[in-house]
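Worksheet: one structure, shown below.
Every chain is numbered from 1 and lettered A, B, ... according to where its sequence line falls, protein lines coming before strand lines.
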Number of protein chains: 2
Amino acid sequence: MVSFERFTMEDGSPIYQQIVLYLKREAVAGRVMDGDELPSRRVLSALLGVNPNTVQKSYRILEEEGLIQSHSGAKSYMVLSGQKLSRVTAELLESEAKAAVRTLKQMGISKEEAMALFSRYWE
Amino acid sequence: MVSFERFTMEDGSPIYQQIVLYLKREAVAGRVMDGDELPSRRVLSALLGVNPNTVQKSYRILEEEGLIQSHSGAKSYMVLSGQKLSRVTAELLESEAKAAVRTLKQMGISKEEAMALFSRYWE
DNA sequence: CTAACTGTATTATATGACTGATACGGATTG
DNA sequence: CAATCCGTATCAGTCATATAATACAGTTAG
């Protein structure tokens, strides 16, 4: 069963996107694997304190990307081939790195300052 | 006169927030300085292709933070003491670093992998 | 002075995100 | 078989974002 223990709500971005990204990141980390059972829409919405429709939107998006399999009436499961995992990993890393680099460059931060910043905030 | 040459619209976050962040980053970079004249609400809205009310919202937020001074009927100017600049710099760097580190850690990326990733995407 | 520009304010409309309530049929379990 | 869970769908309402159209008073430049 996929765990949402590490999930924490941020404000700013839509909740359904946060859920989508959470599951993708957990998959990249290897904590969510192919065939893992997902909590039902109702159970997860109660756990996170959000509306079932919001969770449904997340699951629908993931199913459209082929990362979830849902049969009407039955439980939902993760579908994670090696190829899909590679695609998701590359997608997440690129978007994360590009956004950070772009922002810091606009602030006039040098590469050395940026590296030192990340190193410091890593712990 | 403050330039918006480097401004590019992203989708995802509100436009008024993008304008606020743009001006803060330009100030941190030193390209926007104390006393600099800002484009009027109408001129900037036409330049960016957005509604004047959206620009007004950005300027109002910046004024509430003390980074802009507006007199009814007259032009608006940046107000950037060294203290304010330090505060903004720290605020932007911390939020940027924290967000990136948090995301990459959830993906199970090691510190070394993360540093290599940033180094590669810096160009 | 006057025209043009400025900041500021108001009202209305539209869309996306989120919530709340409810309903239906399929799948599973006792 | 029947109860319960499941996925799926719909409708209504709220809130934030953004647009559009005005309006008015203060400032400034010709």
Side-chain angles (χ1 to χ4, degrees), chain A residues 1-4 7-24 32 34-80, chain B residues 1-4 7-24 32 34-80:
Chain A
M1 170 70 78
V2 173
S3 165
F4 276 77
F7 185 89
T8 54
M9 285 251 300
E10 309 159 12
D11 32 17
S13 70
I15 300 174
Y16 74 91
Q17 279 186 8
Q18 294 181 41
I19 297 174
V20 167
L21 282 177
Y22 173 82
L23 286 172
K24 286 184 177 179
V32 165
D34 184 75
D36 278 0
E37 179 186 330
L38 286 157
S40 77
R41 276 76 165 164
R42 294 172 230 254
V43 167
L44 182 55
S45 67
L47 182 64
L48 302 184
V50 302
N51 195 274
N53 299 336
T54 304
V55 175
Q56 163 63 8
K57 189 168 185 177
S58 306
Y59 281 17
R60 186 179 49 73
I61 290 173
L62 287 165
E63 187 165 19
E64 285 169 356
E65 293 191 37
L67 302 177
I68 279 185
Q69 196 167 1
S70 299
H71 298 303
S72 181
K75 295 175 181 175
S76 301
Y77 300 92
M78 296 297 300
V79 180
L80 289 173
Chain B
M1 171 71 78
V2 173
S3 165
F4 277 78
F7 185 88
T8 54
M9 286 251 301
E10 308 159 13
D11 32 19
S13 69
I15 300 173
Y16 75 89
Q17 279 186 8
Q18 294 180 41
I19 297 173
V20 168
L21 282 177
Y22 173 81
L23 286 172
K24 286 184 177 180
V32 166
D34 183 74
D36 278 1
E37 179 186 329
L38 285 157
S40 77
R41 276 76 164 163
R42 294 171 229 255
V43 167
L44 182 55
S45 68
L47 182 66
L48 302 183
V50 302
N51 196 276
N53 299 336
T54 303
V55 175
Q56 163 63 9
K57 190 168 185 178
S58 306
Y59 281 18
R60 184 179 50 73
I61 290 172
L62 287 166
E63 188 166 17
E64 285 169 355
E65 294 192 36
L67 303 177
I68 279 185
Q69 196 166 2
S70 299
H71 298 303
S72 180
K75 295 175 179 173
S76 301
Y77 299 91
M78 297 296 300
V79 180
L80 289 173

Reading nucleotides 23-30 of chain C from 5' to 3' and marking B where a protein heavy atom lies under 4.0 Å of the base, S where only the sugar-phosphate is that close, and - otherwise, the string is B-BBS---
Can you name the closest pair of heavy atoms from I68(B) and E63(B) and give their distance?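 For I68(B) versus E63(B), the nearest heavy atoms are O-CG, 3.4 Å.
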So which heavy atom on Q18(B) is nearest to which on T8(B), and how close?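 Nearest heavy atoms, Q18(B) then T8(B): OE1-O, 4.1 Å.
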Counterpart residues, side chain to side chain donor-acceptor pair (under 3.5 Å), relative to [X] (two or more places apart):
{"X": "S76(B)", "result": "R41(B), S70(B)"}
{"X": "S72(B)", "result": "none"}
{"X": "R60(B)", "result": "E64(B)"}

In the structure I gave you, are the side-chain heavy atoms of M1(A) and D36(A) within less than 4.5 Å of one another anywhere? no
Would you say L67(A) and V79(A) make side-chain contact, with heavy atoms under 4.5 Å?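 In short, these two side chains do not touch, never coming nearer than 4.5 Å.
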Set of side-chain contact (heavy atoms from CB on, under 4.5 Å) partners for I61(B), sequence neighbours left out: Y16(B), V20(B), K57(B), E65(B)
Run the side-chain contact (heavy atoms from CB on, under 4.5 Å) test on Y77(A) and D34(A) for me, step by step, so that the C-alpha distance in whole Å, both residues' side-chain angles and the decisive distance to 0.1 Å come before the verdict. CA-CA 8 Å; Y77(A) 300 92; D34(A) 184 75; over 6 Å; no
Salt bridge (charged side-chain N to carboxylate O under 4.0 Å, His left out) involving E37(B) - partner list, sequence neighbours excluded: K75(B)
Counterpart residues, ring pair (Phe, Tyr, Trp, His ring centres under 6.0 Å), relative to Y22(B) (two or more places apart):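 With neighbours one apart ignored, the set is F4(B), F7(B).
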For DNA chain C, the residues among residues 11-22 of chain B that have a non-hydrogen atom under 4.0 Å from it: none
Proximity to DNA chain C (any heavy atom under 4.0 Å), residues of residues 52-61 of chain A only: N53(A), T54(A), K57(A)
Which donor-acceptor pairs under 3.5 Å do side chains of residues 47-54 of chain B form with protein atoms, sequence neighbours excluded?
from: N51(B); atom 1: OD1; to: N53(B); atom 2: N; distance (Å): 2.9
from: N51(B); atom 1: OD1; to: N53(B); atom 2: ND2; distance (Å): 3.2

OG/S58(B) to CD1/I15(B) distance, rounded to the nearest 0.5 angstrom? 9.0 Å
Leading and trailing nucleotides of DNA chain D with any atom under 4.0 Å from heavy atoms of chain B: dT17(D) to dT27(D)
Nearest-Å distance, [atom1] ([X]) to [atom2] ([N])?
{"X": "I68(B)", "N": "dG7(C)", "atom1": "CD1", "atom2": "C1'", "value": "12 Å"}
{"X": "N51(B)", "N": "dT13(C)", "atom1": "CG", "atom2": "C1'", "value": "12 Å"}
{"X": "L44(A)", "N": "dC18(C)", "atom1": "CG", "atom2": "P", "value": "14 Å"}

